[in-house]
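Contents: one structure, followed by commentary.
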Amino acid sequence: MDYKKLADFLFPDIDQTPEDLEALYPKRQLPEGAEVTRLAPSPTGFIHLGNLYGAMVDERLAHQSNGVCYLRIEDTDEKREVEGAVPVLLDVLSYFGINFDEGACKADKPGCRPSNVEPSAGETGSYGPYWQSMRSRIYKACVKKLVAEGKAYPCFMSEEEIAQIREEQSAAKLDPGIYGKYAKHRDLSFEEIQARIAAGETYVIRFRSEGDASRYFTVRDAIRGEISMPENIQDVVILKKNDLPTYHFAHVVDDHFMHTSVVVRGEEWMASLPIHVQLFAAMGWDVPLYCHNTVLMKIDETTGQKRKLSKRKDPELGLSYYKELGYFPEAVREYLLTILCSDYEEWRIANPLADYNEFHFSTEKMSDSGTLFDINKLNDVSKDVLAKKSAAEIYDFMLGWAKEFDQAKYKLLADNKDMLLKVFDIDRGGEKPRKDLIYAQQIFAFIKYFFDDTFEYESEWPAEVSAEDRKEILARYIAGYDPADDNSAWFEKVRGITADLGYAVKPKDYKKNPDAYKGHVGHVSGVIRIAVTGRANSPDLWTVQQIMGKEKVAQRIEKAMHA
RNA sequence: GGCCCCAUGGUCAAGAGGUUAAGACAUCGCCCUUUCACGGCGGUAACCCGGGUUCAAUUCCCGGUGGGGUCACCA
């Protein structure tokens with residue numbers, strides 16, 4: 001068989017060779033030790049935690065080594081594409097602090113070339129195109145070489161034929177797939193190929209595997225070390241009928257010509273390592289360093305078992321979930337970093353104020369077993385992040401969030417800026433800041449008692465205080481209330497009411513001698529607290545009232561006397 | 001089922017051939033306090049099982065078991 005002739009017959013219009021491409025995409029000029037990484041999503045419009053997780057690894061690895069982190073769009077499957085997905089992806093990643101040095105970008109980026117694929121996007125950099133659907137000729141040049149060397153061949157098998165083979169194999173308990181004698185079109189004659197094509201038959205290009213499953217090879221993974229696997233024996237499809245490559249081939253070609261030094265991807269790709277290694281070898285290229293990170297898991301409520309976070313079942317997988325709830329992007333990032341890198345949390349405790357970019361990220365410290373997503377931990381991390389923010393920063397964030405997701409709250413925020421600045425400032429700063437703010441929606445629930453529209457009684461009145469006493473307390477309280485009192489003068493008055501009505505001024509006295517009193521000052525102030533805030537727990541009451549102003553305090557007390 | 005990855009408290013995890021087996025979250029108790037939050041102190045709680053190597057294994061090896069991933073003209 002004259003493979004060269006076959007290659008020319010199959011790809012008459014492809015005159016470029018991989019050598020030509022080599023000259024077109026020369027080795028990058030980068031400092032010693034610089035890593036080149038990439039994020040290579042398919043534009044499905046769904047951006048999940050795993051994407052961010054991987055993107056953070058890419059970003060850190062590249063930027064802490066003065067390397068390059070680029071964005072490549074894997075749009076070889078039209079069915080999965082969603083119009084406008086790329087600008088959204090860019091926005092979301094940028095929101096979480098991930099920015100790319102080259103590759104796909106938004107259409108308005110200065111100096112970028114327009115994308116033929118998506119009008120709202122473009123690309124920068126000299127290793128493009130960065131949209132796989134635009135790289136068809138590059139892939140074909142590589143496929144042509146493989147065909148010319150007898151390492152790939154056209155396969156005309158129909159889906160039905162393949163399905164039937166699979167059935168046979170499964171009935172005989174054999175490994176499924178196109179290999180060995182099942183690779184029926186491996187050695188068609190040139191004439192037959194010619195005839196089939198002339199008859200209008202369509203085909204894919206398969207790789208001719210010379211692998212032997214009893215032979216093992218090893219690859220080094222940045223997280224796991226040496227991985228040993230049997231060679232691939234499958235004749236995998238490398239060029240599909242739509243003239244675009246499968247993931248396997250695109251990965252090999254692109255990461256070679258774009259000079260990716262570290263391939264960060266999900267663990268689910270590990271199983272196809274034998275194919276990739278084989279393809280790199282067939283092209284005569286070096287294999288990049290792989291970094292297979294773990295998948296995020298959760299406990300399934302119905303089965304009680306650990307399972308991969310799923311797009312359909314788990315809203316918390318989508319990044320938009322955190323945006324909509326109003327988590328600070330730093331909080332999500334901090335959380336991901338703590339589960340990504342086992343030494344991050346300790347570093348953060350030692351360096352509470354440092355920029356996270358100062359942390360030295362190493363793949364050896366990355367987790368190698370499936371990590372359970374823990375909302376508790378996220379919330380805890382988020383509290384710490386927010387505790388370090390100023391009231392103005394929190395206000396601005398809330399405002400931006402509400403503008404996007406909740407117009408009513410936006411108006412509320414905009415109309416009450418001065419007051420809210422004070423609210424967010426309660427117990428903020430200093431040695432022991434409050435840590436009770438987590439995310440925008442939760443924060444609104446937390447401060448809702450400041451607004452008459454959302455105020456409600458959320459706690460029970462203290463059982464120690466009778467309904468009569470309650471009215472008496474409130475009546476005396478409002479009669480004596482003077483916003484000009486400082487915190488201690490104010491509390492002295494509360495103590496006065498407490499003693500007059502037969503309650504213990506010191507909680508300890510009551511505890512020692514419960515029969516001598518009706519209750520203690522905590523119960524009395526509890527009545528006032530619930531009257532003013534609707535709940536038994538609140539930040540410092542005196543401060544809250546200072547912010548509310550006398551009129552609102554009086555209204556609340558009045559309302560409570562009739563409650 | 002084949003192949004691969006993984007296995008330390010409820011969760012995330014550190015760790016070394018000999019340790020009282022870190023730390024964080026969660027949880028419980030106490031202290032502080034007019035409530036909560038913060039903070040402080042303390043508690044409960046772990047090396048999957050079986051062989052082997054070794055003076056010694058949770059740590060190394062093998063085999064199970066368990067969990068996960070993957071077996072497309074999807075990525």
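Naming convention: chains lettered A, B, ... in sequence-line order (proteins, then strands); numbering from 1 in each chain.
Between A:Asp255 and A:Arg38, at least one side-chain nitrogen of the basic residue sits less than 4.0 Å from a carboxylate oxygen of the acidic one, meeting the salt-bridge criterion. The existence of a salt bridge linking A:Arg470 and A:Glu472 is excluded, since no basic side-chain nitrogen approaches an acidic carboxylate oxygen closer than 4.0 Å. With respect to the salt-bridge test (charged N to carboxylate O, under 4.0 angstrom), the residues A:Asp235 and A:Arg206 do not qualify.
The A:Arg206 side chain lies nearest to B:C73 when the options are B:C73, B:C38, B:C74. Set against B:C38, B:C5, B:U35, the side chain of A:Lys435 has B:C38 as its closest nucleotide. Nearest nucleotide to the side chain of A:Asp427, out of B:A37, B:C25, B:C6: B:A37. Nearest nucleotide to the A:Arg495 side chain, out of B:U34, B:A75, B:G69: B:U34. You'll find that the side chain of A:Lys240 is closest to B:C73, out of B:C73, B:U34, B:C6. Checking B:A22, B:A14, B:U35 against the side-chain heavy atoms of A:Glu346 singles out B:A22 as nearest. Distance from the side chain of A:Val237 is smallest to B:C73 among B:C73, B:A7, B:U34. Distance from the side chain of A:Val204 is smallest for B:C73 among the nucleotides B:C4, B:C73, B:U34. The side chain of A:Asn376 lies closest to B:C25, out of B:C25, B:A75, B:U70.
In this model, the phosphate group of B:A14 is approached by a side-chain N or O of A:Ser342 to a distance below 4.0 Å at OP1 or OP2. Put simply, A:Lys508 has a side-chain N or O that comes within less than 4.0 Å of OP1 or OP2 on B:C32. For A:Arg166, a side-chain nitrogen or oxygen approaches OP1 or OP2 of B:A72 to under 4.0 Å. Applying the 4.0 Å criterion to OP1 and OP2 of B:A13, one finds that A:Ser367 has a side-chain N or O inside that range. Under 4.0 angstrom from either OP1 or OP2 of B:C74 there lies no side-chain N or O belonging to A:Ser42. Between A:Tyr344 and the phosphate of B:A13, there is no side-chain N or O to OP1/OP2 separation shorter than 4.0 Å.
Between the side chains of A:Glu334 and A:Tyr344, at least one donor-acceptor pair of N or O atoms lies under 3.5 Å. A side-chain N or O of A:Tyr70 and one of A:Thr260 form a donor-acceptor pair less than 3.5 Å apart. With no hydrogens or angles considered, no side-chain donor-acceptor pair links A:His292 and A:Arg224 at under 3.5 Å. Checking A:Tyr335 against A:Asp380 by side-chain atom types alone, no donor-acceptor pair falls below 3.5 Å.
Between A:Phe491 and B:U34, a base-stacking contact is recorded: ring centres under 5.5 Å apart, planes less than 30° from parallel.
Counting heavy atoms from C-beta on, the side chains of A:Leu49 and A:Tyr322 come closer than 4.5 Å.
Judged by closest nucleotide on RNA chain B, A:Lys365 is the one of A:Lys365 and A:Tyr247 placed further toward the 5' end. When each of A:His248 and A:Pro230 is assigned the nucleotide of RNA chain B bearing its nearest heavy atom, the one mapping closer to the 5' terminus is A:Pro230.
In this model, no side-chain donor or acceptor of A:Arg535 finds a partner on the base of B:U35 within 3.5 Å. Remark: the A:Arg434 side chain and the B:C38 base include no donor-acceptor N/O pair separated by less than 3.5 Å.
One interatomic measurement links the two molecules: CE of A:Met270 to P of B:C71, which rounds to 13 Å at whole-angstrom precision. B:G69 atom C1' lies 8 Å from atom CD of A:Glu268, rounded to whole Å.
Nucleic acid contact class of A:Asp221 (heavy atoms, under 4.0 Å, all strands): none. Contacts of A:Met366 with the nucleic acid, taken as non-hydrogen atoms under 4.0 Å apart, are absent. Nucleic acid contact class of A:Arg265 (heavy atoms, under 4.0 Å, all strands): none. Residue contacts for A:Lys173: at a heavy-atom cut-off of 4.0 Å it reaches no nucleic acid atom on any strand shown.
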* **Pairing pattern in dot-bracket form [Watson-Crick, G-U; both distances under 3.5 Å; | = partner strand] for RNA chain B** => (((((((..(((.....[....))).(((((.......)))))....(((((..]....))))))))))))....

